[in-house]
Peer 1: 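Starting off with a structure, shown below.
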Number of protein chains: 2
Amino acid sequence: MNEELTIGRLAKAAGVNVETIRYYQRRGLVDEPYKPLGGHRRYAPSAVSRVRFIKRAQQLGFTLEEVTGLLRLEDGQSCRETRLLAEHKLAVIEERIADLTRMRQMLKGLIAECAAGQRPRSCPIIATLSANSEVTDRRK
Amino acid sequence: MNEELTIGRLAKAAGVNVETIRYYQRRGLVDEPYKPLGGHRRYAPSAVSRVRFIKRAQQLGFTLEEVTGLLRLEDGQSCRETRLLAEHKLAVIEERIADLTRMRQMLKGLIAECAAGQRPRSCPIIATLSANSEVTDRRK
DNA sequence: CTTGATTCCGTACCATGGTACGGAGTGCAT
DNA sequence: ATGCACTCCGTACCATGGTACGGAATCAAG
């Protein structure tokens, strides 16, 4: 019995499209197995784990380029280096959260003003966007 | 005296590149003024406010397509409609924050495990990424 | 053996928000 | 009036993570 997979079965097993497998191959994230002359490539079952690894890393916020780095550490022996990558990613994510939190604060404030209907002549949101000053936090 | 601006001065006044002005024109966010035959276009001073409006809206998380919608409400008379746009954007931002917060929690936990060195044989981050469980894709 | 499904491969395209390039025409200052 | 800076315009390109297309070859089931 042969446990090897066609690209279609690999894709289905990993929960991605065939085109995605090809794309990962082009990016060097997944090995392209030997192709018999005039035949189709066969993927080892381990390729499924590989693709899932990539998908999980993406869910943690890693880009495909960063995943490439993680895959070089896949043997689990370079814990320190892996941790550094994770710490850097954590810092970036926290920055994004801070950015978004600021946006949220602004929007919440503006929406509240709108809802209060304090300025029926001119929408507070539009007024803020049209303001002649810089966009600093003049409103919290 | 003539207060009209060349595209270069407009760009500088608004703090963006000339190419960005052109790009906004192509997207219909900024009007393209009349061009005298064999001459250069001249922009009204209000174009500066317009570009700043766009930039401010972007800082609040709106895409250029959404900014197009906001600009249609620029007279400030459609407060309710404007507020709906803002509320929708707020919801999207809160979802993004929730996503990122989950990532942060995961990463923090994994980094802590790494630092504790509880599993010297295999890095906990790598082990998690390599886990044989399903991938639940929350992305849409 | 035939037929329908897959695979292969290169290439183009999607969204997003711009940036870069290049040749020709203008504008302004000296 | 000369020369450099600026403008115009179309087009191509950047990153990111894929998706779509299409013709030819191949595989697998009946």
Side-chain angles (χ1 to χ4, degrees), chain A residues 1-2 4-43 47 51 53-71 89 92 96 99, chain B residues 1-2 4-43 47 51-71 89 92 96 99 135 137-140:
Chain A
M1 66 187 182
N2 192 350
E4 292 189 320
L5 305 158
T6 64
I7 194 171
R9 289 187 173 284
L10 164 59
K12 184 160 284 187
V16 301
N17 285 338
V18 167
E19 297 303 327
T20 302
I21 301 291
R22 284 191 203 295
Y23 177 64
Y24 288 173
Q25 286 175 166
R26 285 202 295 282
R27 298 223 23 172
L29 290 158
V30 167
D31 287 336
E32 199 165 20
Y34 167 74
K35 177 189 166 195
L37 291 93
H40 294 165
R41 297 178 198 284
R42 294 285 170 161
Y43 295 80
V51 176
F53 183 107
I54 296 166
K55 283 295 164 194
R56 273 188 212 105
Q58 280 187 306
Q59 284 175 37
L60 286 178
F62 292 98
T63 64
L64 289 184
E65 189 176 356
E66 289 163 340
V67 174
T68 304
L70 287 172
L71 284 170
K89 179 50 59 181
V92 169
R96 285 215 289 259
D99 279 351
Chain B
M1 71 182 181
N2 192 350
E4 292 189 322
L5 305 159
T6 63
I7 194 170
R9 290 187 174 283
L10 165 59
K12 184 161 284 186
V16 302
N17 286 338
V18 168
E19 297 303 326
T20 302
I21 303 290
R22 285 192 203 295
Y23 177 64
Y24 288 173
Q25 287 175 164
R26 284 202 296 281
R27 298 223 23 172
L29 289 158
V30 167
D31 285 338
E32 198 164 23
Y34 167 75
K35 177 190 165 192
L37 291 93
H40 293 167
R41 298 177 197 285
R42 293 286 171 164
Y43 294 80
V51 176
R52 288 195 182 149
F53 183 107
I54 296 166
K55 283 296 167 192
R56 273 189 213 103
Q58 280 188 306
Q59 284 175 39
L60 285 178
F62 291 98
T63 65
L64 290 184
E65 189 175 358
E66 289 162 342
V67 174
T68 305
L70 288 172
L71 284 170
K89 179 51 58 180
V92 169
R96 285 215 289 259
D99 278 351
V135 177
D137 195 356
R138 295 200 66 276
R139 219 119 277 259
K140 57 168 179 180

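Naming convention: chains lettered A, B, ... in sequence-line order (proteins, then strands); numbering from 1 in each chain. The figures here come from the full heavy-atom set of this structure, side chains too, leaving out hydrogens, waters and symmetry mates.
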Peer 1: Taking all heavy atoms of A:N17 and all of A:A11, pick out the closest pair and write down the distance.
Peer 2: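 Looks like C-CB, 3.8 Å.
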Peer 1: Report the distance from atom NZ of B:K35 to atom C1' of D:dG10, rounded to the nearest whole Å.
Peer 2: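 My rounded result for the distance is 13 Å.
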Peer 1: In whole Å, I'd like the distance from the OH atom of B:Y24 to the C1' atom of C:dT16.
Peer 2: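 Atom-to-atom, B:Y24 to C:dT16, this comes out as 12 Å.
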Peer 1: Measure from OH on B:Y43 to C1' on D:dC8 and round the result to the nearest Å.
Peer 2: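 Spelled out: OH on B:Y43 to C1' on D:dC8 is 10 Å.
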Peer 1: Mapping A:L37 and A:E19 to their closest nucleotides on DNA chain D, which lands nearer the 5' end?
Peer 2: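 It is A:E19 whose nearest nucleotide is closer to the 5' end.
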Peer 1: How many angstroms lie between CZ in B:R96 and CG in A:D99, if you round to the nearest 0.5 Å?
Peer 2: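 These two atoms lie 10.5 Å from each other.
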Peer 1: When you measure from the side-chain N and O atoms of B:T20 to the phosphate of C:dT19, is any distance below 4.0 Å, counting only OP1 and OP2?
Peer 2: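 Answer is yes, contact under 4.0 Å.
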Peer 1: Considering heavy-atom distances to DNA chain C, does B:T63 or B:G38 have its closest nucleotide positioned more toward the 5' end?
Peer 2: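 The 5'-side residue here is B:T63.
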Peer 1: Return whichever of A:R26 or A:G39 has its heavy-atom-nearest nucleotide of DNA chain D closer to the 5' end.
Peer 2: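 This one resolves to A:R26.
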Peer 1: Can you tell me if the side-chain N/O atoms of A:Q25 get under 4.0 Å from OP1 or OP2 in C:dC9?
Peer 2: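 For A:Q25, the contact criterion (side-chain N or O under 4.0 Å from OP1 or OP2 of C:dC9) is not met.
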Peer 1: Mind calculating the distance between CD (B:E32) and C1' (D:dT7) to the nearest angstrom?
Peer 2: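 Answer to the nearest Å: 12 Å.
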Peer 1: Look at the side chain of B:R52 and the backbone N and O of B:A13, then say whether any donor-acceptor pair between them is shorter than 3.5 Å.
Peer 2: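 Yes, the answer is positive, given that a donor and an acceptor are paired below the 3.5 Å cut-off.
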Peer 1: If every non-hydrogen atom of B:D31 is compared with every non-hydrogen atom of B:Y43, which pair is closest and at what distance?
Peer 2: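 Scanning both residues completely, I find the closest heavy atoms to be O-CE2, 4.0 Å.
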Peer 1: Counting only side-chain N and O atoms of A:R41, is one of them less than 4.0 Å from OP1 or OP2 of C:dC9?
Peer 2: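 Affirmative; the distance criterion is met.
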Peer 1: Check the distance between C:dT6's P and A:L5's CG and give it to me in whole angstrom.
Peer 2: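 Spelled out: CG on A:L5 to P on C:dT6 is 15 Å.
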Peer 1: For the side chain of B:L64, starting at C-beta, report the closest nucleotide among C:dG18, D:dT26, C:dG27.
Peer 2: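 Closest nucleotide to the B:L64 side chain: C:dG18.
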Peer 1: Under 4.0 Å between a side-chain N/O of B:K55 and OP1 or OP2 of C:dG17, yes or no?
Peer 2: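 For B:K55, the contact criterion (side-chain N or O under 4.0 Å from OP1 or OP2 of C:dG17) is not met.
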Peer 1: B:T6 side chain N/O closer than 4.0 Å to the phosphate oxygens (OP1, OP2) of D:dT7?
Peer 2: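 Yes, such a contact exists.
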Peer 1: Once you round it to whole Å, what is the distance between C1' of C:dA15 and CZ of B:R27?
Peer 2: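 Between C1' of C:dA15 and CZ of B:R27: 9 Å.
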Peer 1: Whole Å only: how far is the CZ atom of A:R22 from the P atom of C:dC13?
Peer 2: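 Nearest whole value for this atom pair: 20 Å.
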Peer 1: If you compare every side-chain N and O of B:Q58 against the phosphate oxygens of C:dT16 (OP1, OP2), does one of them come in below 4.0 Å?
Peer 2: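 Indeed not, no polar side-chain atom of B:Q58 lies that close.
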Peer 1: Expressed in angstrom and rounded to an integer, what is the separation of A:F62 atom CZ from D:dA15 atom P?
Peer 2: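 The distance from CZ of A:F62 to P of D:dA15 comes to 21 Å, rounded to the nearest Å.
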Peer 1: Apply the test side-chain contact (heavy atoms from CB on, under 4.5 Å) to residues A:Y23 and A:R27: give CA-CA distance (whole Å), side-chain angles for both, the deciding distance (0.1 Å), then the verdict.
Peer 2: CA-CA 6 Å; A:Y23 177 64; A:R27 298 223 23 172; 3.2 Å; yes
Peer 1: With DNA chain C as reference, determine whether B:P36 or B:I54 sits nearer its 5' end, using the nearest nucleotide of each.
Peer 2: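 Here B:I54 is the residue nearer the 5' end.
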